[in-house]
Undergrad: 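Encoded as structure tokens, here's the structure I'll be asking about.
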Amino acid sequence: VSADFNYGASFGLSNIQSSDSGYTATVTLQSLTITVRDYSSQTGTAGDYAEALAAAKSALDESPYNINDAETRYDQAKAIHDYVCETLTYSSTTEGRLYQTVYSALVAPYHTVCAGYSKAFKVLCDEYGIPCVLVSGEGTNSTGKTEAHMWNYVQMEDGNWYAVDC
């Protein structure tokens, strides 16, 4: 089922300390709200989505991605990144909610916006057991305009989280 996840969180800061290299603080999650909206009626059936996800995994199993031969989490994440970037086409329109969904990214004709790219990357990382989160914020486009943007963070074997922007 295609769905959007909206979330809100509040954090508390404590133990703020300054040093020559900057500031450190303890961040405590105080509350987290997650809202899930199902858009399957606008996009297709759960079966369509399941078939599309299976097709994406099948493509990742084959050349040039060969994800099952990957020796590291980085190699797996890179294969997913490359698949997403090479398969999807950035949509010039954001009319309607469809272009914000993972469904628009996984089902032909693969037209989506940054949210679809990020959600597809996350869903595929989840399928391969790669810790991955969605990040919403602002980015500057190629014309210098600041606008809403979505990307991912993935956790590598070293325990650190790294930004990925398909």
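Scope of the values below: all heavy atoms of this structure, side chains included, with no hydrogens, waters or symmetry mates.
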Undergrad: Where do Val135 and Asn152 land on the side-chain contact (heavy atoms from CB on, under 4.5 Å) test, with the steps shown first?
TA: CA-CA 5 Å; Val135 181; Asn152 304 90; over 6 Å; no
Undergrad: With side chains defined as the heavy atoms from C-beta onward, is the minimum distance between Cys125 and Gln76 less than 4.5 Å?
TA: no
Undergrad: Tell me, do Val154 and Met156 make a side-chain contact under 4.5 Å, heavy atoms counted?
TA: yes
Undergrad: Could you report the tightest heavy-atom contact between Tyr83 and Ala59, atom names first, then the distance?
TA: CE1-CB, 3.6 Å
Undergrad: Say whether, by atom type as modelled, one donor and one acceptor occur between the side chain of Ser58 and the main chain of Ala54 under 3.5 angstrom.
TA: no
Undergrad: Does the side chain of Lys119 reach to within under 4.5 Å of the side chain of Leu134, using non-hydrogen atoms?
TA: yes
Undergrad: Has the side chain of Asp165 got a donor or acceptor atom that lies under 3.5 Å from a matching backbone atom of Trp151?
TA: no
Undergrad: Which residues pass the side chain to side chain contact (heavy atoms under 4.5 Å, CB included) test with Thr146, sequence neighbours left out?
TA: Glu138, Thr140
Undergrad: With distance as the sole test, does Arg73 use its side chain to make a donor-acceptor pair with the main-chain N or O of Ile130 at under 3.5 Å?
TA: no
Undergrad: Could you report the tightest heavy-atom contact between Ser118 and Met150, atom names first, then the distance?
TA: OG-O, 2.9 Å
Undergrad: Between Tyr65 and Asp69, is any side-chain donor less than 3.5 angstrom from a side-chain acceptor?
TA: no
Undergrad: For a 4.5 angstrom cut-off between non-hydrogen side-chain atoms, does Glu157 reach Thr72?
TA: yes
Undergrad: For Ala79, does its backbone N or O pair with a side-chain atom of Asp82 as donor and acceptor, under 3.5 Å?
TA: no
Undergrad: Would you tell me whether Asn141 and His149 have side-chain atoms, one donor and one acceptor, within less than 3.5 Å of each other?
TA: no
Undergrad: Could you grab the distance from atom CG of Leu124 to atom SG of Cys166, nearest 0.5 Å is fine?
TA: 9.5 Å
Undergrad: Do Asp61 and Lys57 meet the salt-bridge criterion of a basic N to acidic O distance under 4.0 Å?
TA: no
Undergrad: Could you walk me through whether Asn160 and Gln155 pass side-chain contact (heavy atoms from CB on, under 4.5 Å), step by step?
TA: CA-CA 6 Å; Asn160 292 320; Gln155 187 179 37; over 6 Å; no
Undergrad: Answer yes or no: does atom OH of Tyr74 have more than 12 heavy-atom neighbours from other residues, nucleotides or ligands under 6.0 Å?
TA: no
Undergrad: Any heavy-atom pair between the side chains of Val123 and Leu53 that's under 4.5 Å?
TA: yes
Undergrad: Below 4.5 Å, heavy atoms only, C-beta onward: do Tyr117 and Thr112 meet side chain to side chain?
TA: yes
Undergrad: Is there side-chain contact between Leu60 and Asn68, with at least one heavy-atom pair below 4.5 Å?
TA: no
Undergrad: Taking C-beta and beyond as the side chain, do Cys132 and Phe121 meet within less than 4.5 Å on heavy atoms?
TA: yes
